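Worth saying up front: this structure is predicted, and the values here are computed from it rather than measured. Lettering follows sequence order; numbering is per chain, from 1.
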Amino acid sequence: MTRKPMTSAKSFTTHSIRELLTGSVPLDSNVTIEGWVRTRRDSKAGLSFIQVNDGSCFGNLQVVANNELANYSSEVLHMTSGSAVRCSGVLVASQGRGQTHEIQATQVSLLGAVENPDSYPIQPKQHSFEFLREVAHLRPRTNTFGAMTRVRHAAAKAIHDYFDQHGYFWINTPLITASDAEGAGQMFRVSTLDLLNLPRNDAGGIDFREDFFGRETFLTVSGQLNVEAFCLAMSKVYTFGPTFRAENSNTTRHLAEFWMVEPEIAFADLNDLVALAEDFLKFVVRQVLERCGDDMAFFAERIEPAAITRLQQIIEQPFQRVSYTDAVQILIKSGKKFEFRPEWGIDLQTEHERFLTEQHFKAPLVVTDYPAAIKAFYMRSNDAAATSDDTVAGDTVAAMDVLAPGIGEIIGGAQREERLDVLQQRMQAMHIDAEHYDWYLDLRRYGTVPHAGFGLGFERLVSYITGMTNIRDVTPYPRVPGNASF
RNA sequence: UCCCCGGUAGCUCAGCUGGUUAGAGCGGGUGACUGUUAAUCACUAGGUCGUUGGUUCGAAUCCGACCCGGGGAGCCA
């Protein structure tokens with residue numbers, strides 16, 4: 001992107017630093033850049049080196065400003081970290097080591113000064129992530145969050161590209177909902193009622209007929225049920241949008257507000273879904289590696305040494321696959337002492353998942369066919385319990401989780417129960433009020449077909465890709481219990 | 001929600017068997033020096049030791065309560 005500069009400097013064209021560093025602009029061109037000062041080093045020989053970053057790429061551009069500039073001593077020497085500047089000059093090959101290009105400045109303008117340089121929080125040094133969360137509005141100016149932001153963008157773009165190239169339609173499912181979905185967790189209430197003066201019904205409860213929508217409403221915990229309806233018309237669809245969970249979860253992998261990707265495919269079974277998950281993840285990872293080389297190199301150097309190599313392994317290796325029943329057997333036979341003893345019928349604990357992905361398989365792992373009792377009502381009942389030995393296995397459903405080393409569950413999905421009578425039985429058994437799901441049951445009454453889908457936690461994906469271990473550091477403004485700052 | 005750990009300068013931390021005036025590095029300011037690379041060197045400013053009670057002649061240091069942050073677990077994506 002090139003454009004005219006905002007000021008009068010004639011024959012200088014404004015460029016992103018990315019353009020200048022990647023060699024798409026010939027040397028000796030007159031150029032202008034706009035950005036924020038990372039560091040400034042002064043030489044009393046009469047020149048200063050200003051490292052400028054504009055977010056367009058990981059690298060800074062070095063601007064060489066000498067004392068012949070009219071504002072050299074009055075402004076240039078006071079351009080501390082964080083100052084906003086516009087620099088014009090000639091793009092040249094750098095005389096010094098450490099960078100290929102630099103600008104010999106003919107004009108350096110201070111657009112926005114840093115009022116209190118001694119208290120500006122972002123210094124050219126390592127900060128703790130805990131501290132940076134307290135200055136979430138300024139942390140985009142750090143290397144780490146610049147890199148994370150570009151990776152996050154590249155991943156989101158890759159997700160849309162993958163589905164677009166494979167004939168999927170992006171469905172914008174509602175964020176406000178009246179159903180409590182699959183009971184996927186605690187929900188945030190949406191209401192315009194006056195909390196200090198609640199309307200009451202005859203039974204003494206709150207009269208939600210007086211509320212904005214005439215009934216109780218919440219923020220969505222999943223777009224899945226809604227997107228299924230479009231799946232059973234458009235064949236291949238997906239959602240990608242914000243999701244809300246009011247769970248009191250205080251961990252490095254939970255947010256109250258996060259983004260979720262939920263593809264849903266018709267005329268498909270669990271095997272098709274597993275194949276999709278693998279192909280999809282590999283595509284996204286490959287795109288990020290191709291587009292964000294500098295950023296990923298930074299994560300590998302400073303955050304997680306294996307950041308790049310483990311992504312390359314994901315691309316190259318086939319995902320491992322194991323049934324829940326076999327996974328439990330592996331855990332039992334491992335002889336390893338777990339805090340929670342592995343047992344058929346109990347959900348895999350974090351320590352179990354970690355053992356399977358990090359020690360046993362040492363790869364992303366797809367676990368399938370979980371006990372029906374611990375899974376949601378809409379998951380398809382398997383016809384027969386599949387076991388690889390003499391273990392007695394109970395009823396299972398065609399569910400699947402993709403577990404990634406270091407992160408745990410990154411994808412959860414299932415083939416959906418398309419048989420009306422089986423679905424109704426299951427809802428009854430799980431005490432789900434069928435009245436709220438009549439429209440959902442309609443999908444089984446009118447032209448039902450086998451279909452399947454999964455949910456991918458977008459932040460968990462970014463966390464896995466970058467090696468950033470706390471999910472609060474891979475989203476711009478994290479919302480967690482007790483904190484909605486910024 | 002449960003279990004641990006922590007809160008000292010703008011940042012990262014030391015000091016914590018109670019005892020003159022609470023320290024260092026980085027960052028800021030000033031100066032020296034150099035086509036510099038998180039530059040280097042010197043000087044300098046900067047602190048209600050999370051809040052609040054208590055113990056004590058005396059509390060950053062010991063005890064209680066509260067607030068905030070972090071890690072782990074559960075729930076899940």
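- When the side-chain nitrogen and oxygen atoms of A:R41 are compared with OP1 and OP2 of B:A39, one or more of them lie within a distance under 4.0 Å.
- Remark: B:U20 base-pairs with no nucleotide; criterion is Watson-Crick or G-U wobble with both hydrogen-bond distances under 3.5 Å.
- The listed nucleotides are B:G35, B:A77, B:G74; the one nearest the side chain of A:L255 is B:A77.
- At a threshold of 4.0 angstrom between heavy atoms, the contacts of A:V261 with the nucleic acid are absent.
- Base pairing analysis places B:C76 opposite nothing; no Watson-Crick or G-U wobble pair with both distances below 3.5 Å involves it.
- Using the six-membered ring where Trp is involved, A:W344 and A:Y324 have ring planes that are perpendicular, over 60° apart on the 30 and 60° scheme.
- Between A:H166 and A:F283, the ring-plane angle classifies as perpendicular under the 30° and 60° cut-offs.
- A:E134 has its CD atom 13 Å from the P atom of B:C68, to the nearest Å.
- Within 4.0 Å of A:G455, counting heavy atoms only, lie sugar-phosphate atoms of the nucleic acid but no base atom.
- Remark: the A:E247 side chain and the B:G74 base include no donor-acceptor N/O pair separated by less than 3.5 Å.
- Applying the 5.5 angstrom centroid cut-off and the 30 degree plane-angle cut-off, the aromatic ring of A:Y120 is not stacked upon the base of B:G10.
- The interatomic distance linking A:F340 (CZ) with B:G72 (C1') rounds to 12 Å, in whole Å.
- Whole-Å rounding puts the A:N116 CG to B:G46 P distance at 15 Å.
- Residue contacts shown for A:Q104 include a base, since a base heavy atom lies under 4.0 Å away.
- Candidate nucleotides B:A39, B:G74, B:G28 were compared by shortest atom distance to the side chain of A:T39, and B:A39 ranks first.
- Atom CZ in A:R460 sits about 10 Å away from atom C1' in B:C75, given to the nearest Å.
- Closest to the A:T350 side chain, of the nucleotides B:G74, B:G35, B:G71, is B:G74.
- Contacts of A:T243 with the nucleic acid, taken as non-hydrogen atoms under 4.0 Å apart, are absent.
- The six-membered or imidazole ring of A:F218 lies away from that of A:F244, with a centre-to-centre distance of 6.0 Å or more.
- If you measure from atom CZ of A:R245 to atom P of B:G74, you get 17 Å, rounded to the nearest angstrom.
- In this model, the phosphate group of B:G69 is not approached by any side-chain N or O of A:R472 to a distance below 4.0 Å at OP1 or OP2.
- Of all nucleotides listed (B:G35, B:A77, B:A73), B:G35 comes nearest to the side chain of A:Q62.
- Interface remark: the A:N250 side chain does form a donor-acceptor pair with the B:U1 base, using a distance-only criterion of under 3.5 Å.
- Counting heavy atoms of neighbouring residues, nucleotides and ligands inside a 6.0 Å radius, atom CZ of A:R479 exceeds 12 of them.
- Atom CG of A:D347 is separated from atom P of B:A77 by 10 Å (rounded to the nearest Å).
- Taking the six-membered ring where the residue is Trp, A:W170 and A:Y238 present parallel rings, their angle staying beneath 30° rather than reaching 60°.
- Picking from B:G35, B:G70, B:C76 the nucleotide with the shortest atom distance to the side chain of A:R253 gives B:C76.
- The base of B:U36 sits with one of its N or O atoms less than 3.5 Å from a complementary donor or acceptor on the side chain of A:Q99.
- For A:Q349, no side-chain nitrogen or oxygen approaches OP1 or OP2 of B:A73 to under 4.0 Å.
- The side chain of A:R133 sits closest to B:G70 out of B:A77, B:U12, B:G70.
- A donor and an acceptor atom sit less than 3.5 Å apart, one in the side chain of A:H254 and one in the base of B:C76.
- In this model, a side-chain donor or acceptor of A:Q123 finds a partner on the base of B:G10 within 3.5 Å.
- With a 6.0 Å radius and a threshold of 12 heavy atoms from other residues, nucleotides or ligands, A:F298 has its CZ atom above the threshold.
- A sub-4.0 Å separation between OP1 or OP2 of B:G69 and a side-chain N or O of A:N483 is present.
- Using a 4.0 Å heavy-atom cutoff across all strands shown, A:Q95 reaches at least one base atom of the nucleic acid.
- Residue A:P117 places its side chain closer to B:G28 than to any other of B:C76, B:G10, B:G28.
- Between A:D295 and A:R152, none of the side-chain N atoms (NZ, or NE/NH1/NH2) sits under 4.0 Å from a carboxylate O, so this pair counts as no salt bridge.
- Nearest nucleotide to the side chain of A:H78, out of B:U30, B:C76, B:U12: B:U30.
- In this structure, B:A9 forms no base pair with any nucleotide, since neither Watson-Crick nor G-U wobble geometry is met with both distances under 3.5 Å.
- Taking the six-membered ring where the residue is Trp, the centroids of A:Y437 and A:F377 are separated by under 6.0 Å.
- Atom pair A:F131:CZ and B:G70:P shows a separation of 14 Å (rounding to whole Å applied).
- At least one side-chain nitrogen or oxygen of A:T252 sits closer than 4.0 Å to the OP1 or OP2 atom of B:G72.
- The nearest whole Å value for the distance from the CG atom in A:L61 to the P atom in B:U36 is 18 Å.
- You'll find that the side chain of A:N470 is closest to B:G70, out of B:G70, B:C76, B:U37.
- Below the 3.5 angstrom threshold, one finds no donor paired with an acceptor across the side chain of A:S249 and the base of B:C76.
- Between the P atoms of B:C62 and B:C16, the separation comes to 10 Å (whole Å).
- Nucleotide B:C43 forms a pair with B:G29, judged by Watson-Crick or G-U wobble geometry with both contacts under 3.5 Å.
- Summarising the base pairing, B:C62 is matched to B:G54 through a Watson-Crick or G-U wobble pair whose two defining distances lie under 3.5 Å.
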